[in-house]
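Heads up, the thing below is written out as C-alpha cells.
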Number of protein chains: 2
Amino acid sequence: MRPTIKDVARKAGVSISTVSLVMNDRPVPLSPETKRAVLEAAQELGYRPNQLAIGLVTKKTNTVGLIIPDNSNIFFAAYTNHLETAANELGYSLILGNSNNSAEKTVHYLHLFADRGVDAIILAQSEFSDPEMTQKCLDAVRSLRIPVMLIDRLFRTRSTEAVLLDHFEGGYIAAQHLIGLGHRRIGCLSGPLGLTSFQERLAGFCQALEEADIPYDPALVVEGNLLADSAAPVLPALLKRHVSAIFAFNDMMAYGLYKELSRMKIRIPEDISVIGFDDLFFSDVLQPSLTTVAQPLDKMAKAVMSRLSQILREEAGGESLTQVFRPVLKVRDSTSVCRTETA
Amino acid sequence: MRPTIKDVARKAGVSISTVSLVMNDRPVPLSPETKRAVLEAAQELGYRPNQLAIGLVTKKTNTVGLIIPDNSNIFFAAYTNHLETAANELGYSLILGNSNNSAEKTVHYLHLFADRGVDAIILAQSEFSDPEMTQKCLDAVRSLRIPVMLIDRLFRTRSTEAVLLDHFEGGYIAAQHLIGLGHRRIGCLSGPLGLTSFQERLAGFCQALEEADIPYDPALVVEGNLLADSAAPVLPALLKRHVSAIFAFNDMMAYGLYKELSRMKIRIPEDISVIGFDDLFFSDVLQPSLTTVAQPLDKMAKAVMSRLSQILREEAGGESLTQVFRPVLKVRDSTSVCRTETA
DNA sequence: AATTGTTATTAAAACGTTTTTTGACATAGC
DNA sequence: GCTATGTCAAAAAACGTTTTAATAACAATT
C-alpha cells in the first residue's frame with residue numbers, strides 16, 4: 001500500500017542499499033545521476049521511511065515517553081504543552097501516560113514505553129507516601145536502562161537527571177513580598193508536608209520571616225490537599241489567629257480561598273491578602289487577579305528536552321545533572337499593604 | 001542488553017517460533033512441559049516483547065495519534081485526559097501533537113504519526129478560515145489510508161468518522177434556561193461565526209427565542225475570539241442595549257465577562273445573568289459559580305476510542321459513523337430570575 | 001601486462017518478531 | 001509391515017530498514 005524502500009529502488013533502477021544511502025545523505029561516493037534518480041523516484045511515489053523499521057535497526061525512535069499524574073490538572077497540562085513544543089523542535093515525539101499518582105500505573109507505563117522503544121522517559125512524580133512504592137518505581141527505572149528525566153522529586157538522591165524548581169526560593173520570595181507590604185501575621189495553606197517540595201517552600205518562607213525578625217508561629221501553618229476544596233475547612237483556623245495575609249502553596253488552593261472568603265464577605269486584598277504558587281492560566285483572569293509565584297515552565301521544558309537530546313546524542317559527560325530553576329514573583333491585585341493594626 | 005525472544009528460546013532450549021507461539025498463547029498443540037519451560041525462562045529473564053518488531057510484522061502498534069490545537073487550552077487538556085484514559089483501558093497508547101491551529105503542523109503530524117505506524121489518528125480541528133488549508137488536510141488524511149476520527153468539525157462532509165457535540169441543542173438549552181428565568185433581552189458573546197459549531201449554537205439559541213415568541217435582534221449578537229480578553233471590548237455594545245443576560249459561547253469568554261463586569265461594579269447574577277459553554281474545571285470554582293452548558297467529554301472520549309477499536313478490529317461495517325452527543329445544562333449561581341422591567 | 005587504486009554500486013547480514021510450512025516421530029488402522 | 005493420522009516442534013520467510021563488507025568497473029601506475 002504505502003510505498004517502501006523497495007518500491008523506490010525498483011522505480012529508480014537501483015538497489016535498496018543505494019536508496020538508503022541517498023535518502024540519508026551518507027558520505028559515500030554516489031554519482032549525481034543516481035542520486036537524482038533516487039530522489040525523483042522517492043518524490044514521485046511519496047515515499048516516507050517506515051520509522052518502525054528504522055527504530056528496529058538503529059535503536060532510536062525519536063520518541064520520548066511522558067508520564068504525568070493527570071493531564072486534566074492544568075499545571076501538568078501546561079507543562080505537557082511546553083514539553084511537546086520543545087520536543088517537536090528537537091525532532092522528538094511525545095507519548096503520553098497518566099499515572100494518576102499510582103506507582104503501579106507509573107511502572108506500567110515505564111515498561112509500556114520501553115517496549116515501544118522510546119529513547120527516553122520524562123517522569124513527573126513526587127514521592128509516594130509509601131516508601132515501598134517509591135522503591136518500586138526506582139527499581140523499574142533502573143531496570144529500564146533508558147535515560148529517565150525527573151521533573152518532580154520522586155527520588156531524593158542527587159544521582160538522577162532532573163529539572164526542578166527552587167521551591168525554597170519560591171517560599172522565600174512569597175514571604176518577602178508579603179513582609180514588604182507590612183504583613184506580620186501570615187498564614188500558610190501548605191501542601192502535604194510529607195513532600196519535599198512543600199517542606200522546602202515552607203523552609204524558604206521561614207527563612208524570610210527570620211530575616212525580618214518575625215517569630216515563626218506553627219499555628220499559622222495548615223495543611224491542604226492541593227485542591228480548591230481543601231481551603232474551606234482550614235480557613236477558620238487561620239482567621240481565628242487574625243492573619244492579614246495567606247500564602248497558598250498552590251494556585252488551586254488560592255482559588256478555594258477566594259471562593260470561601262467571598263462567601264464570608266471578606267474582601268481580597270482589602271481585608272486579607274492572598275498569594276499563590278504556580279501561576280496557572282486562570283490566576284490572571286480571576287477577580288482580583290492573583291499574585292503568585294510562577295514556575296518558568298517554558299524554560300524548564302526546553303531544559304528538559306535539550307538535556308535529553310544531549311544525552312541521547314551521547315554528548316553528555318558521565319555525571320548526571322540536576323538543573324534547578326528560579327521561580328518568578330508575579331505581583332497582581334490580590335496582595336496589598338497590610339491595614340490591620342495588630343502586629 | 002534487554003532480553004529478546006532468542007534469549008528466551010536459548011534458555012528454554014526451544015526454537016524462537018515456539019517461544020512466540022507460547023507467549024501469544026496460540027491454539028497450536030504444544031506440550032505442557034514446553035509451555036512451562038518457555039514461560040519460566042521468560043519470567044526469569046524478565047522478557048518483554050519488542051513492540052517495534054511486532055509492529056513491523058503485524059502492522060499494528062496499538063498506538064493512536066492525537067492532534068489537538070493546544071494542550072494548554074484547558075478544554076483540550078481535559079479531553080486529552082479522558083482520551084488517554086479511554087485509550088489505556090482498551091490497550092492503546094496515545095502519541096501527542098499540538099497543531100496550534102496550523103494546517104502545516106497538522107499535516108506534519110499526520111505524516112509523522114503515520115511514519116511511526118500509528119493504528120489510527122484522532123484529529124481535533126475546526127475548519128480553517130482558508131478553505132485551501134482544509135483541503136490540504138483532507139488530502140493528507142485521504143493519502144494516509146489510516147482511520148481518522150474527527151472530534152471537531154474540520155470537514156462538513158458526513159462521510160467521515162466523527163464524534164461531535166450537538167451544538168444546536170447546546171445553544172437551545174442555554175437560551176431556554178435564560179428564557180425560563182424571564183430574560184427577554186439576551187446578549188450573545190459568540191465565537192467566530194465562520195465556524196460551524198458556533199453557527200449551530202446560535203441557530204439553537206434563535207430557535208428557543210422563536211418558540212418563546214421573542215424577536216431575534218442581531219444587534220444583541222457580538223463576536224469574540226474565544227479568549228477571555230475578547231469580552232471587554234464588546235461588552236459595552238451589549239450593555240447599551242440593556243441586556244439582562246449574556247450567553248457566552250464558551251467559558252473562557254464568560255470569565256472575561258466576569259472580570260469586566262466586576263470592574264464595572266455590575267453584579268452577577270443580580271444585575272446581569274451569565275451563562276457559558278464547555279463547563280471547564282474552573283467554572284465551579286469561580287465566584288459566583290458559572291452556569292454553563294457542559295460537553296460530556298468522558299462519554300465522548302470513550303465513544304471515540306471504542307469506535308476506533310471497533311474499526312481496528314475490523315468489526316465496523318463499511319459505513320462511516322458520526323456520533324452526536326447531547327450537551328448537559330449545569331445550573332449554578334451566575335444565572336437568576338430576570339429583575340429588569342424592560343421587556 | 002600485471003598490479004594497484006579509485007569510484008560507484010550491491011549483496012548480505014542484522015534488528016526482533018510472527019506465521020506458514022515442513023519435518024520428525026508415534027500411534028493407529030488396514 | 002505399510003500407510004494414514006496425529007502430535008509436537010523447528011525452519012524459513014517475511015516485515016522495512018541500516019550498514020558493512022564485497023565486488024565490479026575502470027583508470028592509473030609500474
Side-chain angles (χ1 to χ4, degrees), chain A residues 1-39 41-42 45-63 111-112 114-119 145-146, chain B residues 1-39 41-42 45-63 111-112 114-119 145-146:
Chain A
M1 204 78 282
R2 194 182 149 105
T4 72
I5 198 170
K6 280 186 194 166
D7 300 316
V8 179
R10 195 175 314 121
K11 178 147 194 158
V14 298
S15 72
I16 62 164
S17 340
T18 305
V19 176
S20 173
L21 262 16
V22 173
M23 296 302 288
N24 294 85
D25 208 20
R26 278 305 159 91
V28 291
L30 285 169
S31 76
E33 306 92 76
T34 310
K35 281 194 185 179
R36 206 184 36 73
V38 169
L39 260 15
L45 292 172
Y47 168 69
R48 295 180 59 98
N50 179 326
Q51 296 297 332
L52 250 47
I54 294 178
L56 192 57
V57 25
T58 63
K59 313 270 182 211
K60 294 256 160 274
T61 55
N62 295 314
T63 303
H111 285 137
L112 195 70
D115 296 347
R116 279 172 172 43
V118 296
D119 297 339
R145 300 169 174 285
I146 288 178
Chain B
M1 205 78 281
R2 192 182 151 106
T4 72
I5 198 171
K6 281 185 193 166
D7 300 316
V8 179
R10 195 175 313 122
K11 178 149 193 155
V14 299
S15 72
I16 61 163
S17 348
T18 305
V19 176
S20 172
L21 263 18
V22 172
M23 297 302 288
N24 293 85
D25 208 22
R26 279 307 159 89
V28 290
L30 285 170
S31 76
E33 305 93 75
T34 309
K35 280 193 184 180
R36 205 184 38 72
V38 170
L39 260 14
L45 291 173
Y47 169 69
R48 295 181 59 98
N50 179 324
Q51 297 296 331
L52 250 48
I54 295 178
L56 192 57
V57 25
T58 63
K59 313 268 180 215
K60 294 256 160 273
T61 55
N62 295 314
T63 303
H111 285 138
L112 195 71
D115 296 346
R116 277 170 172 47
V118 296
D119 297 338
R145 299 170 175 285
I146 288 178

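Excluded from the calculations below are hydrogen atoms, water molecules and symmetry mates; all remaining heavy atoms, backbone and side chain alike, are included. A, B, ... follow the sequence lines: proteins, then strands. Residue 1 opens every chain. It should be emphasised that the depicted structure is a prediction, and the values quoted were computed from it without experimental measurement.
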Run A:D115 and B:R2 through side-chain contact (heavy atoms from CB on, under 4.5 Å) and show every step you take. CA-CA 10 Å; A:D115 296 347; B:R2 192 182 151 106; 2.6 Å; yes
Worked verdict on B:S20 versus B:S17 for side chain to side chain donor-acceptor pair (under 3.5 Å): CA-CA 5 Å; B:S20 172; B:S17 348; over 6 Å; no
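Here D:dC15 presents its P atom at 14 Å from CD1 of A:I5, a figure rounded to the nearest Å. In this structure, CD1 of B:I54 is placed 16 Å from P of D:dG16, rounded to the nearest angstrom. Protein atom CG of A:L30 is 14 Å distant from nucleotide atom P of D:dT18, rounded to whole Å. Straight-line distance from the CG atom of B:L56 to the P atom of D:dA13: 17 Å, rounded to whole Å. Atom-to-atom, NZ of B:K60 to P of D:dC15 comes out at 16 Å; the value is rounded to the nearest Å. Atom C1' of nucleotide D:dC15 and atom NZ of A:K6 are separated by 8 Å, given to the nearest angstrom. Atom C1' of nucleotide D:dT17 and atom CZ of A:R2 are separated by 12 Å, given to the nearest angstrom. Between A:M1 atom CE and D:dC15 atom P there is a gap of 14 Å when expressed in whole angstrom units.
Minimum heavy-atom separation, A:G46 to A:P3: O-CG, 3.9 Å. Considering every non-hydrogen atom in both A:V38 and A:M23, the closest pair reads CG1-SD, 4.4 Å. Pairing each heavy atom of A:R116 with each of A:T61, the nearest pair is O-CG2, 4.2 Å.
Looking only at distances, no side-chain donor or acceptor of B:N24 sits under 3.5 Å from a matching main-chain atom of B:R26.
A residue-by-residue look at B:R48 and A:P32 shows that A:P32 has its nearest nucleotide of DNA chain C further toward the 5' end. Nearer the 5' end of DNA chain D, as judged by each residue's closest nucleotide, is the contact made by B:S31, out of B:S31 and B:K59.
In this structure, of D:dA10, D:dC8, C:dT10, it is C:dT10 that holds the atom nearest to the side chain of A:V14. Residue A:P29 has its side chain nearest to C:dT7 when only C:dT7, C:dT17, D:dC8 are considered.
In this model, the phosphate group of D:dC8 is not approached by any side-chain N or O of B:T34 to a distance below 4.0 Å at OP1 or OP2. Phosphate contact (OP1/OP2 of C:dG16, side-chain N/O of B:T4, threshold under 4.0 Å): absent.
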Using a cut-off of under 3.5 Å, enumerate the N/O to N/O pairs linking the protein to nucleotides 19-22 of chain C.
unit_1 : atom_1 : unit_2 : atom_2 : d
C:dT19 : OP2    : B:R26  : NH1    : 2.7
C:dT19 : OP2    : B:R26  : NH2    : 2.8

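In this structure, B:P49 reaches the sugar-phosphate backbone alone: every heavy-atom distance under 4.0 Å involves primed, P, OP1 or OP2 atoms, never a base.
The side-chain heavy atoms of A:V8 and A:K11, taken from C-beta on, include no pair separated by under 4.5 Å.
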